[in-house]
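Below, each value reflects all heavy atoms present in this structure, side chains not excepted, and no hydrogens, waters or symmetry copies.
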Amino acid sequence: MSQHDNQETLEANRYVHSVLVETGEYQKSPHFRPENIAKVRDLILTLTADIESVDSRAIDFGCGTGFMIDLMKDRFGEIHGVDITQAMMKEVDLSTGNVFLHEAMAEHTPFADEYFDFATAYSFMDHLFDAHLFLKEVHRVLKPGGVFFAGLNPNRDFIQAMEQAKRAAITGLPQIVTREIKGALHNGEYYAENFGVDGSMLDKAEPIKAVQKGFDAKEVHDLAISIGFSACRIDYNWFLGQAMVMHEKSFELADQIHLYLTSALPVASPLFKYLNFILTK
């Protein structure tokens with residue numbers, strides 16, 4: 001990793017997220033929808049069920065405007081948010097008195113070894129230049145037995161499927177596929193057209209998505225184990241068209257489709273947009 005390239009990634013993230021939060025577009029992101037909030041909250045409660053809240057500590061890497069902090073600050077005595085974009089951190093609700101913010105790189109935080117019981121990173125890891133260095137830092141600050149949850153990580157199998165669909169199309173593609181091709185392969189263009197963000201800067205802000213085409217589940221598993229995590233669970237989330245099924249059909253049907261597709265993994269992997277990583281130290 002060159003220092004120059006990493007600095008470009010940091011500056012691009014500051015620029016992109018400052019623009020999005022100041023225009024109010026970030027707050028309209030799909031992960032703020034009630035159905036996703038409920039889904040993530042339920043998972044947090046499951047993962048932290050054995051943690052006593054009074055003396056416990058959690059850290060949210062890439063905390064942004066406080067999406068994850070808001071979902072778990074009632075579960076911990078202290079929760080620390082780390083980010084590099086001041087414009088986003090200004091939006092974090094500090095009213096509960098147990099939330100503390102730090103302007104720092106996620107790969108180099110100011111905390112002691114084995115300081116946290118729980119760690120999170122949501123819609124964040126694809127914005128890193130070096131996921132290996134980041135996961136080493138996560139491992140360092142977690143207590144033995146501590147859990148790290150990273151959600152909404154782009155699935156490489158899905159992005160590659162969108163590339164294949166674009167190349168293989170003989171006639172017009174379904175609208176749902178066309179939309180996902182744009183999001184997966186031309187996200188910079190989409191943000192430039194709709195939000196006034198410099199498209200090239202968005203691509204620089206998402207190097208793992210734009211350059212590496214997302215995360216490979218086995219690569220992440222092997223990396224986590226090599227760093228020293230004792231276990232790595234990977235969940236598949238948001239199949240192609242899931243939001244449409246939820247809102248035009250029913251949440252129950254969406255759940256049935258999800259269960260069916262997960263029963264067909266890894267064959268069905270290219271139909272899931274995102275991966276969740278749940279790592280135990």
Side-chain angles (χ1 to χ4, degrees), residues 31 36-84 88-89 91-128 130-153 215 220-235 237 274-281:
H31 59 264
N36 188 60
I37 289 174
K39 189 175 186 178
V40 177
R41 169 68 173 176
D42 286 347
L43 181 56
I44 289 171
L45 293 178
T46 299
L47 294 176
T48 64
D50 295 331
I51 297 175
E52 295 291 337
S53 61
V54 177
D55 298 318
S56 59
R57 302 188 189 104
I59 180 171
D60 183 33
F61 294 95
C63 67
T65 61
F67 173 76
M68 289 297 293
I69 289 173
D70 288 341
L71 294 182
M72 60 181 181
K73 60 190 175 186
D74 63 329
R75 287 290 297 114
F76 296 92
E78 294 179 13
I79 181 163
H80 295 259
V82 174
D83 209 295
I84 61 168
M88 300 191 84
M89 289 193 288
E91 302 296 316
V92 177
D93 178 13
L94 304 177
S95 63
T96 54
N98 64 335
V99 177
F100 307 92
L101 301 181
H102 310 266
E103 185 176 359
M105 290 175 57
E107 303 93 328
H108 302 286
T109 65
F111 305 105
D113 293 355
E114 301 182 357
Y115 191 74
F116 293 102
D117 302 275
F118 189 62
T120 60
Y122 196 82
S123 189
F124 171 69
M125 282 186 62
D126 54 314
H127 295 274
L128 295 166
D130 188 340
H132 188 175
L133 190 61
F134 169 64
L135 289 179
K136 286 178 66 177
E137 179 68 357
V138 174
H139 185 271
R140 182 186 73 79
V141 301
L142 272 179
K143 295 177 181 178
V147 173
F148 170 58
F149 162 64
L152 222 65
N153 303 293
F215 293 92
V220 172
H221 173 274
D222 292 349
L223 174 60
I225 299 304
S226 72
I227 287 171
F229 287 96
S230 63
C232 172
R233 178 180 124 196
I234 297 181
D235 295 339
N237 272 281
Y274 299 108
L275 304 172
N276 282 352
F277 309 140
I278 300 171
L279 312 183
T280 304
K281 182 170 177 178

Task: Asp117: side-chain contact (heavy atoms from CB on, under 4.5 Å) partners, not counting sequence neighbours - done: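 Partners of Asp117 under the side-chain contact (heavy atoms from CB on, under 4.5 Å) test: Ile51, Ser56, Arg57, Lys143.
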
Heavy atoms only: give me the nearest [X]-[Y] pair and the separation to one decimal.
X	Y	result
His108	Glu137	C-OE2, 4.0 Å
Thr109	Ala106	CG2-O, 3.7 Å
Thr120	Asp60	OG1-OD1, 2.7 Å
Val92	Gly66	CG2-N, 3.8 Å
His102	Met89	O-SD, 3.9 Å

TODO: Could you walk me through whether Val82 and Ile59 pass side chain to side chain contact (heavy atoms under 4.5 Å, CB included), step by step?
DONE: CA-CA 7 Å; Val82 174; Ile59 180 171; 3.9 Å; yes

Please confirm whether the backbone N or O of [Y] pairs with a side-chain atom of [X], one donor and one acceptor, at under 3.5 Å?
X	Y	value
Asn153	Leu275	yes
Ser230	Thr280	yes
Glu78	Phe100	no
Asp83	Gly64	yes
Asn98	Phe76	yes

Rounded distance [0.5 Å steps], [atom1] in [X] versus [atom2] in [Y]:
X	Y	atom1	atom2	answer
Ile69	Asp93	CD1	CG	9.5 Å
His31	Leu152	NE2	CG	7.0 Å
Leu135	Leu223	CG	CG	5.5 Å
Asn276	Leu43	CG	CG	6.5 Å
Thr96	Lys73	OG1	NZ	4.5 Å
Thr65	Met88	OG1	CE	5.0 Å

What do you reckon, is [atom1] of [X] surrounded by more than 12 foreign heavy atoms closer than 6.0 Å?
X	atom1	value
Glu114	CD	yes
Asp55	CG	no
Asp74	CG	yes

TODO: Determine, using ring centers only, whether Phe277 and Phe229 are less than 6.0 Å apart.
DONE: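 No - the distance between ring centres of Phe229 and Phe277 does not fall below the 6.0 Å cut-off.
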
Task: Any Met68 side-chain heavy atom under 4.5 Å of Val40 side chain - done: yes

TODO: Under the side chain to side chain contact (heavy atoms under 4.5 Å, CB included) rule, what do Arg75 and Leu45 come out as? Steps first, then yes or no, please.
DONE: CA-CA 8 Å; Arg75 287 290 297 114; Leu45 293 178; 3.8 Å; yes

TODO: Determine, for Lys136 against Asp130, whether the closest basic-nitrogen to carboxylate-oxygen distance falls under 4.0 angstrom.
DONE: no

TODO: Output yes when Asp42 and Lys39 qualify as a salt bridge under the 4.0 Å nitrogen-oxygen rule, no when they do not.
DONE: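 Not counted as a salt bridge, because no side-chain N and carboxylate O are separated by less than 4.0 Å.
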
Task: Aromatic plane relationship, Phe116 with Phe111 - under 30° parallel, 30 to 60° tilted, over 60° perpendicular - done: perpendicular

Task: Partner of Phe61 by ring-ring contact (aromatic ring centres under 6.0 Å, His included), out of Phe134, Phe124, Tyr122 - done: Phe134

TODO: Evaluate the criterion side chain to side chain contact (heavy atoms under 4.5 Å, CB included) for residue pair Val138 and Lys281; output intermediate values, then yes/no.
DONE: CA-CA 9 Å; Val138 174; Lys281 182 170 177 178; over 6 Å; no

Task: Test log, rule side chain to side chain contact (heavy atoms under 4.5 Å, CB included), inputs Ile37 and Phe67 - done: CA-CA 9 Å; Ile37 289 174; Phe67 173 76; 3.8 Å; yes

